[in-house]
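Predicted model, so just to flag it, every value in this text is computed and none were measured. Below, chains carry the letters A, B, ... as their sequence lines are ordered, and counting in each starts from 1.
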Amino acid sequence: MSKPTPLSGFPELLPAQRAVEQQVLDTLRHVFELHGFAGVETRAVEPLDVLLRKGDTAKEVYLLRRLHETSADGHAGLGLHFDLTVPFARYVLEHAGHLEFPFRRYQVQKVWRGERPQEGRFREFTQADIDIVGRGELGTHHDAEVARVMVDALRRLDFLPGFTLQVNNRKVIAGYYAGLGITGGELVDEVMRQVDKLDKLPVESVRGELVGPVGLDDATAERVLALAAVRATDAAALEADVRALGVTDPLLEEGLAELVGVLGACAGLVDDRVSVVADLSVARGLDYYTGTVFETRLRGWESLGSICSGGRYDALATDGRTTYPGVGISFGVSRVVVPLLARTGLAADRAVPSAVLVALPDEASRAHADAVADRLRARDVPCEVAATPQRFGKQIRYAERRGIPYVWFPAPAGTDGETTEHEVKDIRSGEQVTADPDTWTPPTEDLRPRVQAKEQQ
RNA sequence: GUGGGCGUAGCUCAGCUGGUAGAGCGCCGCGUUGUGGUCGCGGAUGUCGCGGGUUCAAGUCCCGUCGUUCACCCCA
């Protein structure tokens with residue numbers, strides 16, 4: 001086979017980069033579990049009617065087809081999941097009898113979308129979701145909770161740039177519009193869709209759309225834009241800014257109270273890398289969000305769009321008798337990690353887990369070297385034995401190439417007692433000392449690969 | 001799906017009006033046959049994406065195709 005070409009949209013990482021992604025995944029899992037979320041994995045495929053329940057999105061779903069498919073449709077009626085929310089909703093219905101509600105779960109898996117790839121947008125990528133789902137009811141304090149958990153996870157990834165969590169509430173938007181006399185589901189949705197473009201288009205363009213194709217009068221359009229211009233980082237300012245717009249409506253009040261609640265609950269998480277802001281221009285295009293909505297921007301990486309989004313669904317799932325409301329948030333692992341690796345020098349300081357290379361003087365000593373390695377491993381020191389008994393200079397170079405910080409020189413296997421001692425060399429400093437394989441341990445920072453940001457591109 | 005850019009050594013790239021495929025980095029060896037990095041000397045790189053055409057002659061020009069990339073569209 002000649003050299004294979006890469007497949008666009010299906011990113012693969014080299015070991016030193018994968019180590020970074022794994023550290024991200026380890027951190028996410030650790031924090032999600034710290035907050036009491038249970039891990040779930042769902043199958044990669046769902047029946048098409050489950051996947052397509054939310055609308056006409058068939059063209060972006062990858063279908064499953066046997067090579068010798070003989071059915072009338074030419075496929076098995078199964079597709080790869082394109083997010084983790086839809087499979088989770090199905091999972092909740094299927095296993096409702098065995099779950100305790102409110103049910104809190106995290107789910108980190110690959111998903112697939114038949115889109116044209118771009119930076120941070122792939123056809124196969126990893127998402128990390130957390131959701132809390134209730135049976136019949138779910139308190140709005142959980143909206144703040146999922147935000148807090150995700151912020152807690154992201155802030156611990158200290159090699160990532162800082163970020164801003166943007167929060168809004170659809171009830172605020174819908175209530176405000178109702179107060180302005182904008183009614184009717186379609187019109188409200190269309191106005192929201194235009195407002196949602198404010199982060200990409202200049203205000204004038206959006207205003208033009210609102211008074212033109214959408215059909216608002218100038219004054220109403222202006223007030224719609226006024227709401228979308230509100231930004232606030234504390235509850236008092238938010239309430240003051242919204243009230244100053246002079247619209248009153250019961251739904252607006254309800255949404256505002258929820259939004260204030262989320263903002264207040266997240267206040268303690270803010271530091272110089274993390275900000276949380278009520279941004280009333282955030283609408284999310286999806287019509288199934290019913291209350292709180294989230295988006296997240298990475299500082300300096302705004303072109304990536306939102307790297308972590310989600311919100312509240314009053315009806316995440318329903319079986320006709322029972323409705324399961326949910327609130328969740330999803331972090332785009334690949335969307336962040338892959339561009340970051342590509343555009344900065346971010347990588348692990350070694351491509352292999354080994355902290356120690358056990359040198360091999362000659363092939364006859366392999367069993368002895370293996371035994372030394374096992375004594376190190378017994379105390380959780382990752383190590384490997386040199387592949388071939390080359391001269392030691394080459395074995396040191398072997399370690400250096402891989403970023404392994406220590407080379408271990410075993411004491412000769414004496415038949416009448418060991419007269420010499422084991423030695424271990426830190427190949428960065430050149431320092432070499434005698435050591436006991438049953439007690440020697442590298443400094444903690446050398447035990448595992450470390451993630452380091454190299455020079456910016 | 002639409003439009004533009006780009007495909008030459010492991011990597012980054014140069015290659016003029018068509019005339020014997022190059023550089024840097026990396027890699028391998030030796031100096032130094034059980035202690036690397038620096039330095040010196042030496043060495044190997046290749047279906048110039050693929051197919052066809054024009055030509056005495058194509059990496060170079062033309063057509064097609066595949067891949068890749070950026071933008072648009074879309075975005076759960």
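As the counterpart of B:G40, B:C30 is assigned, both hydrogen-bonding distances of the Watson-Crick or G-U wobble pattern falling under 3.5 Å. Summarising the base pairing, B:U20 is matched to no nucleotide, lacking a Watson-Crick or G-U wobble pair whose two defining distances lie under 3.5 Å. Nucleotide B:C6: paired with B:G67 (Watson-Crick or G-U wobble, both distances less than 3.5 Å). The pairing partner recorded for B:C72 is B:G1, the criterion being a Watson-Crick or G-U wobble arrangement whose two distances lie under 3.5 angstrom.
Across all strands, A:Gly305 comes closer than 4.0 Å to no nucleic acid atom at all (heavy-atom distances). Across all strands, A:Gln432 comes closer than 4.0 Å to base atoms (heavy-atom distances). Residue contacts shown for A:Arg428 include a base, since a base heavy atom lies under 4.0 Å away. Contact annotation for A:Phe409: base contact, defined as any heavy-atom pair under 4.0 Å involving a base atom.
Taking every side-chain heavy atom of A:Gln118 into account, B:C73 is the closest of B:G36, B:G29, B:C73. With B:C70, B:G36, B:G34 as the candidates, the nucleotide lying closest to the side chain of A:Ile427 is B:G36. Distance from the side chain of A:Arg121 is smallest to B:C73 among B:U33, B:U35, B:C73. The side chain of A:Arg397 lies closest to B:G29, out of B:C75, B:G29, B:C30. Among the nucleotides B:G36, B:C27, B:U68, the one closest to the side chain of A:Ser8 is B:U68. The side chain of A:Lys394 sits closest to B:G29 out of B:C28, B:G29, B:G36. Comparing B:C74, B:G34, B:U35 by their nearest atom to the side chain of A:Pro361 picks out B:G34.
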* When you look at A:Glu145 and A:Arg148, which way does the salt bridge (charged side-chain N to carboxylate O under 4.0 Å, His left out) test go after all the steps? -> CA-CA 5 Å; A:Glu145 184 178 10; A:Arg148 289 167 55 86; over 6 Å; no
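Of the C1' atoms belonging to B:U17 and B:C74, the separation is 46 Å, rounded to the nearest Å. Spacing between B:U54 and B:G59 at atom P, rounded to whole Å, works out to 16 Å. Comparing the same atom, C1', in B:U8 and in B:A21 gives a spacing of 8 Å after rounding to whole Å. Taking atom C1' on both B:C27 and B:U68, the two are 26 Å apart, rounded to the nearest angstrom. Straight-line distance between the P atoms of B:C73 and B:G26: roughly 44 Å, to the nearest whole Å. Going from the P atom of B:G15 to that of B:C30 covers 38 Å, rounded to whole Å. The P atoms of B:G10 and B:U45 are separated by 12 Å, rounded to the nearest whole Å. Across the C1' atoms, B:A71 and B:U12 are found 25 Å apart, a figure rounded to whole Å.
Without hydrogens or angle criteria, A:Asp426 side chain to A:Tyr406 main chain gives no donor-acceptor distance under 3.5 Å.
Under the 6.0 Å distance and 45° angle rule, A:Arg335 does not count as a cation-pi partner of A:Phe122.
What separates CZ of A:Arg123 from C1' of B:C75 is a distance of 15 Å, to the nearest Å. Atom CD of A:Glu400 is separated from atom P of B:U38 by 8 Å (rounded to the nearest Å). Taking atom OH on A:Tyr289 and atom P on B:C75, their separation rounds to 14 Å, with Å as the unit. Computed from coordinates, the A:Phe392 CZ to B:G34 C1' distance equals 5 Å when rounded to whole Å. Per the geometry, OH belonging to A:Tyr398 stands 13 Å off P belonging to B:C28, to the nearest Å. Protein atom CH2 of A:Trp408 is 22 Å distant from nucleotide atom P of B:G34, rounded to whole Å. When the C1' atom of B:U35 is taken as reference, atom NE2 of A:His422 falls 18 Å away, rounded to whole Å. Here B:C74 presents its P atom at 16 Å from CZ of A:Arg113, a figure rounded to the nearest Å.
Ring pair A:Tyr324/A:Phe101: centre-to-centre distance below 6.0 Å. For A:Phe32 and A:Tyr106, the gap between ring centers is short of 6.0 Å.
A close approach under 4.0 Å does occur between a side-chain nitrogen or oxygen of A:Arg401 and OP1 or OP2 of B:C27. Contact annotation: A:Lys425 does not reach the phosphate of B:G34 (side-chain N/O to OP1 or OP2, under 4.0 Å).
Residue A:Glu12 qualifies as open at atom CD: its count of foreign heavy atoms under 6.0 Å is 12 or below.
A salt bridge links A:Arg297 to A:Glu295: one of the charged nitrogens lies within less than 4.0 Å of a carboxylate oxygen.
Contact detail for A:Ala359 and A:Val407: the closest heavy-atom pair is CB-CG1, 4.1 Å.
Taking the nucleotide of RNA chain B with the nearest heavy atom to each of A:Arg335 and A:Glu119, the more 5' of the two is matched to A:Glu119. Annotation: of the two residues near RNA chain B, A:Pro117 and A:Gln127, the 5′-most nearest-nucleotide partner is A:Pro117.
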